[in-house]
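A quick write-up on the structure given underneath.
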Protein chains: 2
Amino acid sequence: MRANFSIAEENYIKSIYHLQQATGEVNTNALANHLNTKAASVTDMLKKLQAKNLLNYLPYKGFKLSREGNKAAVMIIRRHRLWEFFLVDKLHFNWDEIHEVAEELEHIRSKKLIDKLDEFLGYPKFDPHGDPIPDSNGKIDELKQLPLANLPVNKQAIITSVLNQSNELLAFLSSRNIAIGTVLEIKDKLPFDNSVEIKFKNKQSINISEQVAKAIQVNPL
Amino acid sequence: MRANFSIAEENYIKSIYHLQQATGEVNTNALANHLNTKAASVTDMLKKLQAKNLLNYLPYKGFKLSREGNKAAVMIIRRHRLWEFFLVDKLHFNWDEIHEVAEELEHIRSKKLIDKLDEFLGYPKFDPHGDPIPDSNGKIDELKQLPLANLPVNKQAIITSVLNQSNELLAFLSSRNIAIGTVLEIKDKLPFDNSVEIKFKNKQSINISEQVAKAIQVNPL
DNA sequence: ATTTATTTTTAGATTTGTCTAAAAATAAAT
DNA sequence: ATTTATTTTTAGACAAATCTAAAAATAAAT
Ligand SMILES: [Mn+2]
Ligand SMILES: [Mn+2]
Ligand SMILES: [Mn+2]
Ligand SMILES: [Mn+2]
């Protein structure tokens, strides 16, 4: 009934949500890996979340967030992304140095704080990584994006977000001047390693590995 | 060496600091009461802080923060008060509804976050309760304030802070339009209950109990 | 100087979240 | 259809932070 979860619980809820989004279904080991913990710990927490009706969990069979769990996840993500926007827009952090701090700020559960922050920020729709920010009711403005790797050759597109947001990847992109909003197109797909040759609007071209091209999400223009 | 404390440790450090400031010395029961916990729990934590060299503690004899513990306390207080300023100045919270949220925000330990926040806020010197905000090096601009109860009759003064910041007290002051920056003077001190008759600049007069007059801190003009 | 009261500390439990190692269930391979 | 490998769960231990109840130290009172 009341929405009051521990920081550990919230981190699990959020991870399950993200893994569900990405792969459709989650398994214990994947979740353990994502949370940098052990499978046994995951099982313990699954039972706890199940008991709190946040999860539909059948031992050995599998698990996914309940309607209630999903709602909780969305609110945590709202807080995370609003703080990320704040850090970049107001405190002038780089978009590749905000994740850890937002990972902590997201656990401050005051509804009033978040709604006032949202207002102060001007009700932003996307976070600095291009991910949509759920509104105060939990509604998400999903945008139909696709991996850069799947973009047809010679079709212009704008970068909207980056999956797999490791600091290393974000720093790499930063160094290549690749950011949310960058407009580019693919000039060639190299078959031997699936890397792609991309060209920016300023005519400059660089080569991007398959892994990176899969992480970069774009909207065709 | 490295400054990484748990939330519980930080709350103890801060409470010890405040009780030291107020009364010169602290005892186990007072600390337990201030932290809304039990004396046994306090003893446990004292041993832990002692082991971390944050406290000079001799069982049964007494305890006080070490130089290192003091420094840690000041940094927690810096974070607390900067967030309070942010909540009032940017998010337009009332000064009597910010404490709980700041109590959580203060535990986000990123130095970069706090220094950037400080810059964003314009390096404020005082929090919304009139308490001084330590700077990035831990220096505090102490101001010589005294309790309203000790202010001489007919001497104008400005309210600079409020001790004993319970929500009830802050709400009461709010309802009487008493806030940081309010200018007033004492017209009479009533001997039978030590209450004081105060007059605002708009000529309005009200009576304030001894307890409240002791909590309100003023600077004579 | 004893006795009595207060304060503080210990002893032992409990809760939360984690871990390693072993057992059980499921999936893959022969 | 067994055997082998992988995944998942249990069993048991542990650290952090808390609690209650009892013991020990200190302070106050007679
Ligand atoms: Mn987190
Ligand atoms: Mn993000
Ligand atoms: Mn706190
Ligand atoms: Mn304050």
Exercise for the section: Please state whether the rings of His129(A) and Trp95(A) are parallel, tilted or perpendicular, taking 30° and 60° as the class boundaries. Expected result: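 Plane angle between 30° and 60°, so tilted.
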Exercise for the section: Assign the ring pair Phe86(B) / Phe120(A) to parallel, tilted or perpendicular, where the plane angle (0 to 90°) is split at 30° and 60°. Expected result: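 Rings of Phe86(B) and Phe120(A): perpendicular, over 60°.
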Exercise for the section: Round to the nearest Å and state the distance from Glu25(B) atom CD to dA27(D) atom P. Expected result: 11 Å
Handout entry: Pair Asp115(B) + Arg78(B): basic N to acidic O under 4.0 Å
Key = yes
Exercise for the section: In plain terms, say whether Glu68(A) and Lys52(A) are close enough for a salt bridge, that is, a side-chain N and a carboxylate O under 4.0 Å apart. Expected result: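 No, this pair does not count.
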Completion exercise
Taking Watson-Crick and G-U wobble contacts under 3.5 angstrom, with | marking pairs to another strand and [ ] crossing pairs, the secondary structure of DNA chain D is written ||||||||||||||||||||||||||||||
Exercise for the section: Sugar-phosphate means primed atoms, P, OP1 and OP2; the rest is base. With that split, encode nucleotides 3-10 of chain C 5' to 3' as B, S or - using protein heavy atoms under 4.0 Å. Expected result: ----SBBB
Going by atom type alone, with no hydrogens or angles, which donor-acceptor pairs under 3.5 Å involve a side-chain atom of residues 29-42 of chain B and a protein atom two or more places apart or on another chain?
residue, atom, partner, partner atom, Å
His34(B), ND1, Ser15(B), OG, 3.0

Handout entry: Neighbours of DNA chain C within residues 6-14 of chain A, by heavy-atom distance under 4.0 Å
Key =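 Only Ser6(A), Ala8(A), Tyr12(A) qualify.
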Quick one: side chains of residues 190-198 of chain A, donor-acceptor pairs under 3.5 Å with protein atoms, not counting sequence neighbours, listed by atom name and distance.
residue, atom, partner, partner atom, Å
Asp193(A), OD1, Ser195(A), N, 2.9
Asp193(A), OD1, Ser195(A), OG, 2.9
Asp193(A), OD2, Ser195(A), OG, 3.4
Ser195(A), OG, Asn207(A), ND2, 3.2
Glu197(A), OE1, Asn207(A), ND2, 3.3

Problem - CA sep, side-chain torsions, deciding dist, call: Glu106(B), Arg81(B), salt bridge (Lys or Arg N to Asp or Glu O under 4.0 Å) - result: CA-CA 8 Å; Glu106(B) 72 187 357; Arg81(B) 293 181 180 166; over 6 Å; no
Exercise for the section: Mind checking the CZ-CG spacing from Phe63(B) to Leu46(B)? Nearest 0.5 Å is all I need. Expected result: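 Going from the CZ atom of Phe63(B) to the CG atom of Leu46(B) covers 5.0 Å.
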Exercise for the section: Check whether any side-chain N or O of Lys38(B) sits under 4.0 Å from OP1 or OP2 of dT18(D), and answer yes or no. Expected result: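 No, no such contact exists.
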Exercise for the section: Start with the C-alpha gap between Glu10(A) and Arg79(A), add the side-chain angles, then the distance that decides, and say whether salt bridge (Lys or Arg N to Asp or Glu O under 4.0 Å) holds. Expected result: CA-CA 12 Å; Glu10(A) 288 194 341; Arg79(A) 299 196 294 254; 2.9 Å; yes
Practice task
Please name all residues satisfying salt bridge (Lys or Arg N to Asp or Glu O under 4.0 Å) with Glu103(B), sequence neighbours left out, ordered by chain then number.
Solution key: Lys14(B)
